[in-house]
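See below for the structure under consideration.
Every number for a ligand or one of its atoms is a count from 1 in the order of the listing. Position 1 is the first residue of the sequence; numbering continues from there. In this text, all values refer to a predicted model and were calculated from it rather than measured experimentally.
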Amino acid sequence: MTLSFTSSLSVDAKLAWYDIAGSLAHARMLGSTGIVPREESESMVQGLLQLLERLEAGQLDLSEELEDVHTNVEDMLTKAVGDAGRRLHTARSRNDQVSTDLRMFVRDAILEIVALLIDVQEILTDRAEEERATMMPGFTHLQHAQPVSVGFHLMAHVFRLQRDAERFLDAYKRVNQSPLGAGALAGTGHPIDREMTAQALGFDRPTDNAMDSVSDRDFVLEFAFACAQTMVHLSSMGEELVIWTSPEFGFAEMSDAFATGSSIMPQKKNPDVAELVRGRSSLTIGNLMQLLVLMKGLPLSYNRDLQEDKGAVFSCYETLSACLFVLGPMYHSLTLCRERMAVACAQGFLNATDLADHLVQRGMPFRQAHEVVGAVVRHCIERGRTLEELSVEELRGFSPLFDPSSLEHIRLEACLDRRGSLGGTSPVQVQEQISAARARAEGQRALCYGEIERLEKVWSKLRAER
Ligand code: ARG
């Protein structure tokens, strides 16, 4: 009667592959430790391998009569191999089983997300290199601040995404531990071999405390946070593209593939994909909140509330991977309007700081220089002119320290080239940042793909040993 309420099958059916893999490792261990007779362990293994094949061929129908994916797999095994199947759940509980399955899922999700993050980093870094000397206004408070290069700006996004990838790879270490064998909460009296199942499933090691193992969802929270943090970065990028492609800014034009027209206004080209990336961040932030609230009042150890974590995990993964998937090509196909950026650079006195610094180099204290240049800027605003349009005589009216070199000093290209401090926007510094980012991305790539290959070997070994 309550099955429709308590069932988790509609959500956890996604874990079927991992559930069968975990069961395979468990069944072999039961045989090799003598907990169940060899022949019975072997027939369980054969049956599970068949289930895996049927699943991969899309021929495994889960029954809604059963509460979750775990009971389904066990039931199908028993139907396939008879009595031996009834021994599978020896020395195991769904409590350690569900955590084992979810950890394997999150592990794969992390590797896929990191691989996507590396691809997006690469596309942005390549574009940054092409645009390392292209000038645009740098903003603070969305007001014109100082000249920067487009490459410098894009690299700022790259370093954000690089930290995101690092966060996932760091969380990976804590995900990759095996709770299998924790039982319901207290371990078991059977002589199980947890090292063996951990190794067979590619985990670094078994977890330490059985009660913690069935209660622990830190790995889920860390994953959800890393997803939400990344989505916040992607949302900020989406918002920026919405601004850049607006007619008022006109800094960039979206390729048609990532924009749509309006159903009523024929002139419109809407940056829908960027807007949706921004909008979908709300989902992931919501998922993280849901998980934190889910966990906050639970006593040790397993509580049925924990069943509610999976939907949020799947949603985080699906949202983020879909957004990363569209983002790379969207940036790759973006047309930058360099002339519009150059025009924007001529407004807003981007070189005012440089003019003040010029006075500082000639001995004036910075605060005083700030005041002098403030007066020069007001003078220009009143007359509708830019700083570089002033004559030396006009400048000298504000301070005798100005001379003809002052005008050369505030040429926008000179302002950009000059910002050569470590991490600055000069093309030379941006090239340094590009090299550093590429080297680090290579490190992330090696880690990620090394782990993907290692897991492939783990799976082929798990299936090969009969
Ligand atoms: N469907 C449950 C879940 O997803 C499986 C664990 C149930 N454990 C239990 N003791 N009832 O969490």
Interatomic spacing from [atom1] in [X] to [atom2] in [Y] - rounded to 0.5 Å:
X	Y	atom1	atom2	value
Leu88	Gln97	CG	CD	7.5 Å
Ser10	Leu62	OG	CG	11.0 Å
Gln429	Met155	CD	CE	12.0 Å

(message) Ring centroids only, cut at 6.0 angstrom: are Phe249 and Phe139 within range, meaning strictly under it?
(response)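 Close enough - the centres of the two rings lie under 6.0 Å apart.
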(request) Would you please indicate if the ring centroids of Phe314 and Phe105 are separated by under 6.0 Å? (result)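 Yes, the ring centres sit under 6.0 Å apart.
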Short N or O contacts of ligand 1 with protein, under 3.5 Å, listed by atom name?
| from | atom 1 | to | atom 2 | distance (Å) |
| --- | --- | --- | --- | --- |
| ligand 1 | 1 (N) | Ser8 | OG | 3.2 |
| ligand 1 | 1 (N) | Asp68 | OD2 | 2.8 |
| ligand 1 | 1 (N) | Gln307 | OE1 | 2.9 |
| ligand 1 | 4 (O) | Lys310 | NZ | 3.1 |
| ligand 1 | 8 (N) | Asn95 | OD1 | 3.0 |
| ligand 1 | 10 (N) | Asn95 | OD1 | 3.2 |
| ligand 1 | 12 (O) | Tyr302 | OH | 2.6 |

(request) Just jot down the side chain to side chain contact (heavy atoms under 4.5 Å, CB included) partners of Phe225, sequence neighbours excluded, or say none. (result)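 Residues passing side chain to side chain contact (heavy atoms under 4.5 Å, CB included) with Phe225: Arg167, Gln229, Leu288.
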